[in-house]
K.L.:
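One structure is given below, represented as structure tokens, and several questions about it will come after.
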Amino acid sequence: RFITAGSVDDGKSTLIGRLLFDSKGIFPDQLEDLSRSKYKRTVGSAIDLSLLTDGLVAEREQGITIDVAYRYFSTPRRKFIIADCPGHEQYTRNMVTGASTADAMVILIDAAKMQKAFTCGEGLLIQTKRHSSIAQLLQIKHIIVAINKMDLVSFSENTFGEIVSTYKELAAQLDLKGVSYIPMSALSGENLAKAGENMPWYHGPTLLEALESLPEESQSQAFSFRFPVQWVARHSGFGSGAGSGGNSFRGYMGRVEAGQVCKGDVILIQPSGQKATVKEILLYDVSLDIAQAGQSVTLLFEEQVDVSRGDLLASVEVPANVVKEFEADLCWLSEAPLDLKHRYWLKHTTKQTMARVTGIQSLLEMSSQKRGSAENLKLNDIARVSLSVQEPLVVDAYESLRATGSFILIDEITHQTAAAGMIRFDV
């Protein structure tokens, strides 16, 4: 899963359209629709590939991306899910939504805009800084800086080098590691799915090669066992499915978010602190010996224990943290500003409880990448805050595990999502 990010008109939608086109990921009827579209912005019979992701009428009319568009394609080596995110500052919340599940980020930089900025003594655009900051906050490990529209700067190696040098300063400031840089032209497809002839000085991979070669590391597989309980299932004893054996049983349904669990394992029930032994693991009506991250299963215990929806089953050796007060980085998603006197519903894994933001520690200023004081949060602001919750939460730090380190705040009156949060503390 990867996302494209960048400023307005940097070519994100065109890049994705070109990737889909070159990888044979577009159906004939889609191509016919594109060729007949009254909104296309190309000359003559040339296809406007940006229309593949800009599906809303408002997007096609204005030539901008407004909402996150997901597209799927595959190569002989890998399957991909792409999120095309909007570049406007007012749609930062949409970008955060798309980035929350991404394994990699492709940040586009318009070479022509940067060449003009350098001439005026300016640096990177504010949205490039904003999206890079979001990548750091959301702990996206793999970042590819795609320096687009090289055809508009005569495929200049010097311009490419100057942009790379400038971005490296930002990457060092944000402590972004493993950043790679690719010069390209999304319009013509140069250095996307295949190398072009206009930049013989570039000897690195194409964008598709870089995406295919990203390591298949999984944070959830490497972490200790985590299993948020979604539902408590009771079986009456009728039928002959696996696990029933004609006897009534009480099982705990959910998804293994991290690690693995085996028959006979002793696990910890949090926040109560009880321990239980796994008697059986059921996948539909099949009994398993082991369940791994990503599988939705039902667990049966040897002991009779009190477990409810919202509890977390965890490793005894590496338990999660039980907290009622904590700090988090918050991206404010609501048009209604934060009210410190207001209560919000906090949704964390399968747990929902009342919460209150007790203080704003610092507000991230995008242009300078520095943190300052703030008395309030408005739409698209990102800040470090303190929270308190009515019932204990079982959490991990976001950088350790996304699934148990993230949450959302919901306005208790309007039921609209107010903020997305990432839990920060020393574990």
Side-chain angles (χ1 to χ4, degrees), residues 2-12 15 85 87 89 92 95-96 98-99 102-186 190-192 195-196 198-215 217 329 364-371 382 399:
F2 73 92
I3 68 167
T4 58
S7 190
V8 180
D9 200 32
D10 280 351
K12 298 180 293 298
L15 179 143
C85 298
E89 180 179 352
T92 299
M95 194 268 178
V96 171
D103 303 306
M105 177 183 289
V106 178
I107 297 180
L108 271 77
I109 295 179
D110 186 326
K113 288 181 186 176
M114 289 305 301
Q115 189 179 63
K116 184 177 180 180
F118 291 147
T119 303
C120 300
E122 300 173 355
L124 295 171
L125 299 179
I126 183 65
Q127 280 302 82
T128 302
K129 296 179 179 180
R130 178 180 291 271
H131 294 154
S132 300
S133 298
I134 291 173
Q136 190 274 334
L137 287 170
L138 295 175
Q139 297 293 303
I140 297 178
K141 303 296 183 184
H142 309 292
I143 297 176
I144 299 172
V145 178
I147 300 174
N148 192 28
K149 302 188 181 181
M150 289 295 296
D151 52 309
L152 298 183
V153 295
S154 303
F155 302 99
S156 169
E157 182 179 5
N158 289 334
T159 300
F160 173 72
E162 194 170 0
I163 295 172
V164 169
S165 178
T166 304
Y167 191 88
K168 282 183 175 179
E169 294 178 6
L170 175 65
Q173 188 177 359
L174 295 174
D175 195 28
L176 296 175
K177 296 180 174 64
V179 182
S180 56
Y181 305 86
I182 302 176
M184 64 180 61
S185 171
E190 190 147 359
N191 280 344
L192 267 77
N198 292 301
M199 290 178 281
W201 44 265
Y202 175 70
H203 305 291
T206 64
L207 176 61
L208 192 58
E209 289 171 343
L211 291 170
E212 286 182 326
S213 63
L214 291 177
E217 59 188 20
D329 284 320
L364 181 61
E365 211 289 309
M366 289 297 170
S367 58
S368 66
Q369 296 300 304
K370 295 181 179 179
R371 290 185 176 270
I382 297 174
E399 53 266 31

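Nothing here was measured: the structure is a model prediction, and the numbers come from that model. Just so it is clear, the values below take in all heavy atoms, side chains as well, and ignore hydrogens, waters and symmetry mates.
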K.L.:
M184 pairs by side-chain contact (heavy atoms from CB on, under 4.5 Å) with which of L108, D151, L192?
P.N.:
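Result for side-chain contact (heavy atoms from CB on, under 4.5 Å) with M184: L192.
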K.L.:
Where do T4 and L15 land on the side-chain contact (heavy atoms from CB on, under 4.5 Å) test, with the steps shown first?
P.N.:
CA-CA 9 Å; T4 58; L15 179 143; 4.1 Å; yes
K.L.:
Kindly indicate, with the supporting measurements, whether the criterion side-chain contact (heavy atoms from CB on, under 4.5 Å) is fulfilled by F2 and I144.
P.N.:
CA-CA 10 Å; F2 73 92; I144 299 172; over 6 Å; no
K.L.:
With rounding to the nearest 0.5 angstrom, report the NZ to CE distance, K116 to M114.
P.N.:
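Nearest 0.5 Å value for the NZ-CE distance: 13.0 Å.
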K.L.:
How long is the straight-line distance from CG of L207 back to CD of E209, given to the nearest 0.5 Å?
P.N.:
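One finds 9.5 Å between CD of E209 and CG of L207.
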K.L.:
Do I134 and I382 touch side chain to side chain, with heavy atoms closer than 4.5 Å?
P.N.:
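Side chain of I134 against side chain of I382, heavy atoms only: contact under 4.5 Å found.
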K.L.:
Could you tell me which non-hydrogen atom of H142 sits nearest to which non-hydrogen atom of D103, and how far apart they are?
P.N.:
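Scanning both residues, the minimum pair turns out to be CD2-O, 3.6 Å.
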K.L.:
Which value, rounded to the nearest 0.5 Å, describes the distance between I143 atom CD1 and Y167 atom OH?
P.N.:
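Answer for the CD1-OH pair, I143 versus Y167, is 5.0 Å.
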K.L.:
Could you report the tightest heavy-atom contact between S132 and L170, atom names first, then the distance?
P.N.:
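Closest heavy-atom pair between S132 and L170: OG-CD2, 3.8 Å.
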K.L.:
What heavy-atom pair brings N191 and I182 nearest, and what distance separates the two atoms?
P.N.:
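Minimum heavy-atom separation between N191 and I182: O-CG2, 4.1 Å.
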K.L.:
Would D329 and L364 count as a side-chain contact (heavy atoms from CB on, under 4.5 Å) if you check the C-alpha gap in whole Å, the side-chain angles of each, and the deciding distance to 0.1 Å?
P.N.:
CA-CA 10 Å; D329 284 320; L364 181 61; over 6 Å; no
K.L.:
Give me the atom names and distance for the closest heavy-atom approach of I3 to G98.
P.N.:
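The answer is CG2-O, 3.3 Å.
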K.L.:
Going from OG on S213 to CG on L208, what distance comes out if it is rounded to the nearest 0.5 angstrom?
P.N.:
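Reported value, rounded in 0.5 Å steps: 9.5 Å.
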K.L.:
When you measure from the side chain of S165 to the backbone of G161, do you find a donor-acceptor pair of N or O atoms at a distance under 3.5 Å?
P.N.:
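Not a single qualifying donor-acceptor pair exists.
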K.L.:
Please round to the nearest 0.5 Å and tell me the distance separating atom CD of Q115 and atom CG of L152.
P.N.:
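So the CD of Q115 and the CG of L152 are separated by 9.5 Å.
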K.L.:
So, does T159 use its side chain to make a donor-acceptor pair with the main chain of F155 at under 3.5 Å?
P.N.:
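The answer is no, because no donor-acceptor pair under 3.5 Å joins these two groups.
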K.L.:
Quick one: does E190's side chain have a donor or acceptor within less than 3.5 Å of a partner on N198's backbone?
P.N.:
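Such a contact is found between E190 side chain and N198 backbone.
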K.L.:
Rounded to the nearest 0.5 Å, how far does CG of L138 lie from NE2 of H131?
P.N.:
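Interatomic distance, H131 NE2 to L138 CG, rounded to 0.5 Å: 11.5 Å.
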K.L.:
Carefully, step by step, assess Y181 and I109 under the rule side-chain contact (heavy atoms from CB on, under 4.5 Å).
P.N.:
CA-CA 10 Å; Y181 305 86; I109 295 179; over 6 Å; no
K.L.:
What closest approach, in Å, do M150 and S156 show between heavy atoms, and which atom pair accounts for it?
P.N.:
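In terms of heavy atoms, the two residues are closest at CE-O, 3.3 Å.
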K.L.:
Using every non-hydrogen atom in the two residues, find where I107 and T128 come nearest and quote the distance to one decimal.
P.N.:
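Taking I107 first and T128 second, the nearest heavy atoms are CG2-CG2, 4.3 Å.
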